[in-house]
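Below: one structure, written as C-alpha cells.
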Protein chains: 2
Amino acid sequence: MEGGFARESDGARTPRPNLGTNQSGMRDYNERLVLSLLRQHGSLAKTEIARMTGLSAQTVSVIMRGLEADALLVRGSPQRGKVGQPSIPMSLNPDGAFFLGLKIGRRSSELALIDFRGTIRRMRQHSYAYPTPEETIRFVTEDLAEVAESADRRTWERVAGLGIAMPFELWNWADAAGAPPGAMDGWRHTDIRAAFAERCPFPVYLQNDATSACGAELVFGNPPTRDDFIYFYLGAFVGGGIALGGRLFTGRTGNAGALGSIPVPGPDGRTRQLIDVASISVLEKAIVARGEDATHLWTSPDDWGELGDDLERWMEGAAQGLAHAILAASAVIDFQAAVIDGWLPLSVRGEVVARTARHLATLDSEGLRLPAVREGTVGRHARALGGASLPLAERFLVGAQSAI
Amino acid sequence: MEGGFARESDGARTPRPNLGTNQSGMRDYNERLVLSLLRQHGSLAKTEIARMTGLSAQTVSVIMRGLEADALLVRGSPQRGKVGQPSIPMSLNPDGAFFLGLKIGRRSSELALIDFRGTIRRMRQHSYAYPTPEETIRFVTEDLAEVAESADRRTWERVAGLGIAMPFELWNWADAAGAPPGAMDGWRHTDIRAAFAERCPFPVYLQNDATSACGAELVFGNPPTRDDFIYFYLGAFVGGGIALGGRLFTGRTGNAGALGSIPVPGPDGRTRQLIDVASISVLEKAIVARGEDATHLWTSPDDWGELGDDLERWMEGAAQGLAHAILAASAVIDFQAAVIDGWLPLSVRGEVVARTARHLATLDSEGLRLPAVREGTVGRHARALGGASLPLAERFLVGAQSAI
DNA sequence: AATAAATAAATAAACATGATTTATCTATTG
DNA sequence: CAATAGATAAATCATGTTTATTTATTTATT
C-alpha cells in the first residue's frame, strides 16, 4: 500500500506522504489492479483475475460487475471447450473513457484523443516557427471545441483528463528555435496547466515531454513490460524517462530521467552532455553547415532520404553517447531494458539501437548486469500519447506517482 | 497500496506483484505507518498521529493501544501546559524488538545486536586474513549462543531477524584479500543466508554490504530524511545504495546502487570505474608501493596518522570520481542528497565530502538540480547496522521492498 | 443416444474485520 | 465555571472472506 493523495480542486495532485489507508482506499486499489491486469493481458475471466490477485472469487465478481456497470468493461463471448461452466472473458471497453494528450514542441504541437484501450481516435497537428502560450491556448481551445461538437455527447462527457507533454524551460530554447529574442518569454510566466485547467471540465496534468513518452511506452507499449526500464526519446533534443515497478518514476522534483544532461565522453575524450551528441538538432546543424536544407528532418519523419556521412556520423556519435549513458544509469538502477524511440524513421531508429547495443557491449561493465537495448514500440507520437497516458494512469492504474 | 508478498517458510520473501489488498493488509499498513512516524519523530501523541495520517482519532487510538499491548510502544509522561486534556507522548519501546546485523568483510566481520530504537546493545568483531563460510558460520553461531545465554530470555525471544551485509561475489576478491587462490571458493557454493536460516528461529535476510549501509542511514540516520538520496560507502572497495520514497531501493535483481561500477573520467581523461579511484584499497596500494605498512587503515579507522601526499592524492581522486558519479546519477534520478560514509576517520570523511561538493560545483550540470552532498550520520559500522535494519524494515516499516 | 459424474465459473447470503461517525468522558487552562 | 483538547466507547458503514448454491459445460458410463 501507499500513502494517499489529497486532490486539489483544480485536479493537480499534491502528494501527501504518510497518509493512512481506509476501506475506500482498499476498493480503489483493487479496482485499479483489475484494470491494470486487463490492460496488460487484454482479456481475462473473473476467476483468472481472482487467481492472479489472490482475492476471493466473490470479491472479484463484485468489483468487476461494478466496473461493467460503469461501462469500463465489456464481456466477450463465452469460452467453451474446457470442462465446466464456460468462462466469460472480460476486457476494457474502448468507449469506457477517453483521454487527451497535448504535446508542445519547438516546431509543432500535437493534440491526440485516445480511447480506453489506447487507440488514437483523433489527432491534430499544428506547425509554427516557434510556439507562444497564447497561440497554443488558442489552437487547443479551438480544437477541443471541435472535438466537443463532432464527437457525440457521451464521448465528451467521458473524457477523463488532459495531459500536457512539454520540455522543461521551453523559453531557454528560443535561440535554438530561431525565435526572436524574448519571443518565447511568455512561457516563463504562463502556468499553462492552470490555463487549461480553467478552460476544461476535467483534470489537467503537465509533464516533461520525454518523461511523458516514457509513460506512453509503459502504458501502451506492445508487448507491455513490467520491467524497470530507462527510456530515451530522440527529438530535436534528446530526453528521457524512468519506469520503475510498472510505474512512471518522475522523482521528487519531477526531474528524474533528465537523461539529456547525463555526462558522456565525446569523441575527443572530453566530457559533454548526451544532449550535445544524440539530439537530432546535432544532425540538423551538420546538414545546415554543409549549406543544405534540413527541414525535412522535422516534416517527413517517415523518410529522411539520403543524408550520407552526416547521418552516419550522427548515428555513431549518438549510439556511443547512448551506450555510455545506459552504462552509467545501470550502475544507479539495475534496469532490465533500455528503450530508444524518437522522431525518426524506423530504419534510423533500428540502426541507432543496433549500434548502441554494439557499443554497450564494448564498455567495461564489470559488476553490472547490462539491460537489453530495445526499440520503442509506440513510435513518433509517443509524447502526445504519453500526455494522454497521464490522466489514464492517474485515474485507472495502480500507483501512478513516484515510487512508491 | 502495494502488492503483497507471499512469505516462504524460511523467511525469505518472494515478491508477488499484482496482489490484491484486504482488511488485514490495511491494518498492517496503518500499523507500520504509525511505527514509521514514531521512528521519524521520536514521540507523538495519538492525536498528532491522527492528524498526520488522516486517520480518525478512534482508529489511531485502537491501533496504538494494540501496539502498546504488544510492548512495541511506551507512553511518556503527560504533557501539560496547554489548554485541554494533557497529551500523552507515545514512543518506540527500546525493548520492543531486537535485530541482529552481520557484516562480512575482507578482513573482519561484525555482529551487532540492536534494539527497537536502533541503539547498539552488543557488538562483536572477528578479524581474519581472509574469510571462509565455515569459519564465519562457526564464529556467528558461537556468538549467537553467547547472546542467547547472556541476554535475558525475553530479549532473545524478541529478536525479529538477522540481516547479513556482504559484498557481491566475495570469491572474486580472493586475490585482493591476499588469500591463496581458491581459498575463498567456498563462498561461491554456499548459500550463507540459507545456512543461517537453518540455525536461527527468526527470518534471515541477505543484502549487498553498501546497500545495507544505505539502509542504516535511511532507518537510523540522524536527522532522519525522507529525501530520495544516493549513498556511497567507502570501504576497502567503494559501493553504494539508493533510497527512494523513504525506502531502500534494491532493484529487480538486487543490483541497484552498484555505484562502484559507475564510469568516471580518470585524471588522464580515460574512463574508469569509481571503484578504481575512490576505494580505500587504492590508497593502501599507494602506501604499500612506497614500501610502507598500511594495515592501520583497517585496524585504526579513528586515526590514520600522517599519510601525506598519498592521502592527499587519494582524497582528490576519490572526490573527483564521486562528484562525477553524483552528477551522472542525478540525471537518472533527481536525488535531493548524496550521502558519503565509510570506514575512515571523521576528518577524512569530512574532507572527502567537502572536496566532492567543490568538484561537483565545477561540473556542467545544465538541466539538472544537483543534490546536497552530506556526510553520513551512522558512521563506520553502517554496514552491520544496515544488516540489522533489514529485518526491522521488513517487519515494522512501510514498503520495505523495491518501489514499489 | 441418454444419463450421470465431474468440473469450473459465478454469485448470493452470512460473517468478519476494520475504519468512521457520533457521543461522551476526562483533565487541563484561563 | 466555561472553553478546549485528548481520548475512547458504541453504533454504523464499507469491504473482503467463507460457505453454500446455481449454472453450464465436458467426460465417462450404460
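In the text below, chain A, chain B and the rest are named by the order of the sequence lines, each starting its count at 1. Not measured: the values here are computed from a predicted model. What's counted below: heavy atoms across the whole structure, side chains too, no hydrogens, waters or symmetry copies.
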Inset, instruction - Calculate the interatomic distance between Gln79(A) atom CD and dT23(D) atom P; express it in whole Å. - result: 22 Å
Legend entry - Comparing Pro86(A) and Ala57(A) on DNA chain D - which has the more 5′ nearest nucleotide: Ala57(A)
Legend entry - Atom pair CG (Leu92(A)) and OG (Ser36(A)), whose distance is rounded to the nearest 0.5 Å: 9.5 Å
Legend entry - side-chain N/O Lys46(B) vs dT8(D) OP1/OP2, d < 4.0 Å: yes
Inset, instruction - Could you check how far CZ of Arg51(A) sits from C1' of dA8(C), rounded to whole Å? - result: 9 Å
Legend entry - Nucleotide of dT8(D), dT20(C), dT17(D) approaching Gln58(A) most closely (side-chain heavy atoms): dT17(D)
Inset, instruction - Taking only the side-chain nitrogens and oxygens of Arg27(A), find out if one of them lies under 4.0 Å from OP1 or OP2 of dG16(D). - result: yes
Legend entry - Donor-acceptor side-chain pairing of Asn222(B) and Thr377(B) below 3.5 angstrom: no
Inset, instruction - Rounded off to whole Å, could you give me the CD1-to-C1' distance for the Ile49(A) and dA9(C) pair? - result: 14 Å
Inset, instruction - Give a yes or no answer on whether the side chain of Arg252(B) reaches the backbone of Phe335(A) with a donor-acceptor pair at less than 3.5 Å. - result: no
Legend entry - Any Asn30(A) side-chain N or O less than 4.0 Å from OP1/OP2 of dT15(D): no
Legend entry - Gap between atom CG of Leu248(B) and atom CG of Leu218(B) - 0.5 Å precision: 6.5 Å
Legend entry - Gln23(B) (side chain) and dT17(C) (base): donor-acceptor pair under 3.5 Å: yes
Inset, instruction - Determine, for Phe116(A) and Arg39(A), whether the Lys NZ or Arg CZ falls below 6.0 Å from the six-membered ring centre while staying within 45 degrees of the axis. - result: yes
Legend entry - Residue pair Arg27(A) / Glu31(A), side-chain heavy-atom distance below 4.5 Å: yes
Inset, instruction - Classify the nucleic acid contact of Thr59(B) as base, sugar-phosphate or nothing, counting any heavy atom under 4.0 Å across all strands shown. - result: base
Legend entry - Between dA16(C) (P) and Met26(B) (CE): distance, integer Å: 17 Å
Legend entry - salt bridge (Lys or Arg N to Asp or Glu O under 4.0 Å) between Asp95(B) and Arg121(B), intermediate numbers included: CA-CA 11 Å; Asp95(B) 294 327; Arg121(B) 291 294 185 95; 2.8 Å; yes
Legend entry - Under 3.5 Å donor-acceptor pair, Gln85(B) side-chain atoms to dG6(D) base atoms: yes
Legend entry - Atom-pair distance (CG on Asp28(A); P on dA14(D)), nearest Å: 16 Å
Legend entry - Any donor-acceptor pair under 3.5 Å from Arg32(A) side chain to Leu397(A) backbone: yes
Inset, instruction - Ignoring the backbone of Asn22(B), work out which of dG6(D), dG16(D), dA9(C) is nearest its side chain. - result: dG16(D)
Inset, instruction - Look only at the side chain of Asn93(B) and the backbone of Ala71(B), and say whether a donor-acceptor pair between them is shorter than 3.5 Å. - result: yes
Inset, instruction - Identify whether any heavy atom of Ser87(B) sits under 4.0 Å from a base atom; if not, whether one sits that close to sugar-phosphate; answer base, sugar-phosphate or nothing. - result: sugar-phosphate
Legend entry - Any Thr47(A) side-chain N or O less than 4.0 Å from OP1/OP2 of dA10(C): yes
Inset, instruction - Round to a whole Å and report the spacing from CG of Leu55(A) to P of dT11(C). - result: 16 Å
Legend entry - Whole-Å gap separating C1' (dA27(C)) and CD1 (Ile88(B)): 10 Å
Legend entry - Residues which pass salt bridge (charged side-chain N to carboxylate O under 4.0 Å, His left out) with Glu198(A), listed by chain and number, not counting sequence neighbours: none
Legend entry - Helical stems, DNA chain D - three or more consecutive Watson-Crick or G-U wobble pairs below 3.5 Å: C:1-30 with D:1-30
Legend entry - Interface with DNA chain D, restricted to residues 61-71 of chain B and to heavy atoms under 4.0 Å: Ser61(B), Arg65(B)
